[in-house]
> 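This is the structure, below, for whatever I ask next.
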There are 2 protein chains.
Amino acid sequence: MSAANLRARVRAEMTEEIKAVAKRHLATEGANLSLRAVARDLGMASSAVYRYFASRDELLTALIIDAYDAVGDTAEQAAAAAGSPLQKWLAAGHAAREWALANPHEWALIYGSPVPGYAAPKDTVEPATRVLLLLGAIVAEAYRAGTVAEREPLTGRFAEEIVPLAATYYPDLPPRLIADTIAAFFQVCGAISYELFGQLNNGIVEDRRGFFDYQLRAAAKLAGLTG
Amino acid sequence: MSAANLRARVRAEMTEEIKAVAKRHLATEGANLSLRAVARDLGMASSAVYRYFASRDELLTALIIDAYDAVGDTAEQAAAAAGSPLQKWLAAGHAAREWALANPHEWALIYGSPVPGYAAPKDTVEPATRVLLLLGAIVAEAYRAGTVAEREPLTGRFAEEIVPLAATYYPDLPPRLIADTIAAFFQVCGAISYELFGQLNNGIVEDRRGFFDYQLRAAAKLAGLTG
DNA sequence: CATTTGCAAGAGCAGTGCTCTCGATATGGC
DNA sequence: GCCATATCGAGAGCACTGCTCTTGCAAATG
């Protein structure tokens, strides 16, 4: 390993360290991440951080990508360990919810309102689609197995927009089922977000997991999963 | 009208003016509302604003309450002008979505992630329930009319939590239907939020209204509305 | 050994929320 | 009408933020 590679490795380690501290700050302090505070925690000058991230937004982007990957990982692993498509759906949903409860501010970063003045760069769109692709794969598995009841084809102009989308990502799924899967995905994300963001306070407080499971099954049914 | 009342009226007008400018800033600048910038726009010192709002959070709270009221108003008016429960549901949903598209940052304020370090005070819980109450009333109307198909009763611990909630707000609805209405509400809010927050980019872009209508009908079906 | 490159530190700018003090003005009791 | 009181606006100031620029040091390169 040449010296240049060593330099690059040290740099990568430093970058990871900054992200780690930033995540810790995000978890404890809340969403208004302070680059200076991160630098203080690392015992370095704030200006030194700019050697690794050109701006606070760029650091946030890195955290967003990591968050998409983290929730995607947990959901994929949970789904892989389950049996039937419905069980995979439930496992992935509960895994995502538990990750969100454990990392509320990171969840808010990706599925909450965009950060003030922050425009998501292109680097984030690919990891963002990961969970939706997973859900599509689960539905596709059920569809191939023939357990999805036949549905009326889609009507409406948006159906035409879904067709090329379907061809690219879910070549073996009818557009109608894609639309239903997206809708179910939004439903699950909404259920997680609105529990997390406090819209359930003064309502269900004890058995939130049970209520989420109820919604998760409703979404699964919408996406065509039975059993 | 006594002088004291006049003073109070002037104070109320000033308070409204500050809120109006703050909303304008929210609409143009984004979510990171600057109290100083608002003060500058009003031609007054930043410290003077603190005579009317003890903190930036308090101003935000006022804006949140106004936003809940605004979206509640539009939804209620739209529903009132419609005929059947399903039509009311659709009208309320589309009205909420259009309001959200017209006031994205205000929508993010109430249905997005909570603002950094901001804890919603009790003043906001009552206006927050307004839309959900409207939807509950629509479903209750359909239920009384007998057009809602019978469903299995709820099982699970969260069902017990819904019972007192149901007794308070929807005395004539079975808990199962309440849970379904809440789930449908989350689904609709999620559909609006994730369209607004860009999760639909690179997907459906032309006929977003059509796709929302599709989801809105799915949610209505979940809540028991047919027709 | 000399030079280029990468990195960290510090000062500094413009902006923020918020507090405090100090005058000006208006209100209410006598 | 006069004076005590309450209310309000302005300004200075504190601690903080993101970000830039310059300076100096250390390591890799020739």
Side-chain angles (χ1 to χ4, degrees), chain A residues 1-19 21-22 24-26 28-64 105 109 114-119 121, chain B residues 1-19 21-22 24-26 28-64 105 109 114-119 121:
Chain A
M1 148 167 347
S2 83
N5 282 352
L6 189 142
R7 236 192 174 33
R9 210 186 59 191
V10 167
R11 184 179 173 82
E13 278 173 13
M14 194 69 204
T15 307
E16 283 305 313
E17 203 166 342
I18 292 173
K19 285 201 291 183
V21 173
R24 232 179 45 213
H25 268 85
L26 216 54
T28 59
E29 300 293 312
N32 42 357
L33 183 66
S34 160
L35 230 153
R36 287 181 108 114
V38 171
R40 265 198 306 274
D41 241 37
L42 284 162
M44 67 201 299
S46 68
S47 54
V49 179
Y50 284 85
R51 295 265 168 201
Y52 300 89
F53 296 96
S55 68
R56 181 173 160 276
D57 276 9
E58 200 173 280
L59 174 56
L60 275 177
T61 301
L63 296 180
I64 287 174
H105 290 104
L109 222 48
V115 166
Y118 175 83
Chain B
M1 152 167 342
S2 84
N5 283 350
L6 190 141
R7 230 204 164 92
R9 211 187 57 193
V10 167
R11 186 181 172 80
E13 278 173 12
M14 194 69 204
T15 307
E16 283 305 313
E17 203 165 341
I18 292 173
K19 285 201 290 184
V21 174
R24 231 179 45 213
H25 269 82
L26 216 55
T28 58
E29 299 294 311
N32 43 359
L33 183 66
S34 160
L35 231 152
R36 287 179 109 114
V38 171
R40 264 199 305 276
D41 242 37
L42 283 161
M44 67 200 297
S46 67
S47 54
V49 179
Y50 284 85
R51 297 269 172 205
Y52 300 90
F53 295 96
S55 68
R56 182 171 159 276
D57 275 9
E58 200 172 279
L59 174 57
L60 275 176
T61 301
L63 295 180
I64 286 174
H105 291 103
L109 221 48
V115 166
Y118 174 84

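Each chain gets a letter, A, B and so on, in the order the sequences are listed, and its residues count up from 1.
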> Residues in side chain to side chain contact (heavy atoms under 4.5 Å, CB included) with B:Tyr50, at least two apart?
B:Leu35
> Just how far, in rounded Å, is C1' of D:dA27 from CZ of A:Arg7?
6 Å
> Do B:Met44 and B:Arg51 pass the side-chain contact (heavy atoms from CB on, under 4.5 Å) test, and can you show the C-alpha distance, the side-chain angles, and the key distance before you say yes or no?
CA-CA 12 Å; B:Met44 67 200 297; B:Arg51 297 269 172 205; over 6 Å; no
> Between D:dC19 atom P and A:Asp57 atom CG, what is the distance in whole Å?
7 Å
> Round to a whole Å and report the spacing from CD of B:Glu58 to P of C:dT19.
11 Å
> Can you measure B:Ile18 atom CD1 to D:dG9 atom C1' for me and round it to whole angstrom units?
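The answer, rounded to whole Å, is 12 Å.
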> To the nearest 0.5 Å, what is the distance between CD1 on A:Ile18 and CE on A:Met14?
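The distance works out to 4.5 Å.
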> With rounding to the nearest 0.5 Å, note down the distance linking CG in B:Leu33 to CG in B:Leu26.
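Answer for the CG-CG pair, B:Leu33 versus B:Leu26, is 6.0 Å.
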> Taking five pairs at each end of the helix from C:dC1-D:dG30 to C:dC30-D:dG1, what angle separates the two helix axes (nearest 10°)?
0°
> Run the side-chain hydrogen bond (donor to acceptor under 3.5 Å, both in side chains) test against A:Glu17 and tell me which residues pass, sequence neighbours left out.
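side-chain hydrogen bond (donor to acceptor under 3.5 Å, both in side chains) check on A:Glu17 returns nothing, list empty.
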> Heavy atoms under 4.0 Å, any strand shown: does A:Leu42 hit a base, just sugar-phosphate, or nothing?
nothing
> Measure from the side chain of B:Leu35, starting at C-beta and using heavy atoms only, and say which of C:dC18, D:dT17, D:dA28 lies closest.
C:dC18
> Partners of A:Arg11 by side chain to side chain contact (heavy atoms under 4.5 Å, CB included), sequence neighbours excluded?
A:Thr15, A:Tyr52
> Between C:dT16, D:dT7, C:dG17, which one does the side chain of B:Arg40 approach most closely?
C:dT16
> Roughly, in whole Å, what's the span from CZ in B:Arg56 to P in C:dG15?
17 Å
> How many Å lie between CZ on A:Arg36 and C1' on D:dA15, as a whole number?
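From A:Arg36 CZ to D:dA15 C1': 11 Å.
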> Any residue in residues 43-54 of chain A with a heavy atom nearer than 4.0 angstrom to DNA chain D? Just list them by number, or reply none.
A:Ser46, A:Ser47, A:Tyr50
> Specify the separation, in whole Å, of atom CG of B:Leu33 and atom P of C:dG15.
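Atom CG in B:Leu33 sits about 17 Å away from atom P in C:dG15.
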> Under 4.0 angstrom, heavy atoms only, what part of the nucleic acid is B:Leu59 near: base, sugar-phosphate, or nothing?
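The residue B:Leu59 makes no contact with any strand.
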> Taking only side-chain N and O atoms of A:Arg11, does any of them lie within less than 4.0 angstrom of OP1 or OP2 on C:dG6?
no
> Under 4.0 Å between a side-chain N or O of A:Ser34 and OP1 or OP2 of D:dG18?
yes
> To the nearest 0.5 Å, what is the distance between CG on A:Leu59 and NZ on A:Lys19?
9.0 Å
> Taking only residues two or more places apart in sequence, or in another chain, which ones meet A:Ser47 in a side chain to side chain contact (heavy atoms under 4.5 Å, CB included)?
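Partners of A:Ser47 under the side chain to side chain contact (heavy atoms under 4.5 Å, CB included) test: A:Ala45.
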> Show me the pairs that pass salt bridge (Lys or Arg N to Asp or Glu O under 4.0 Å) and involve residues 38-47 of chain A, at least two apart or across chains.
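Found A:Arg24-A:Asp41.
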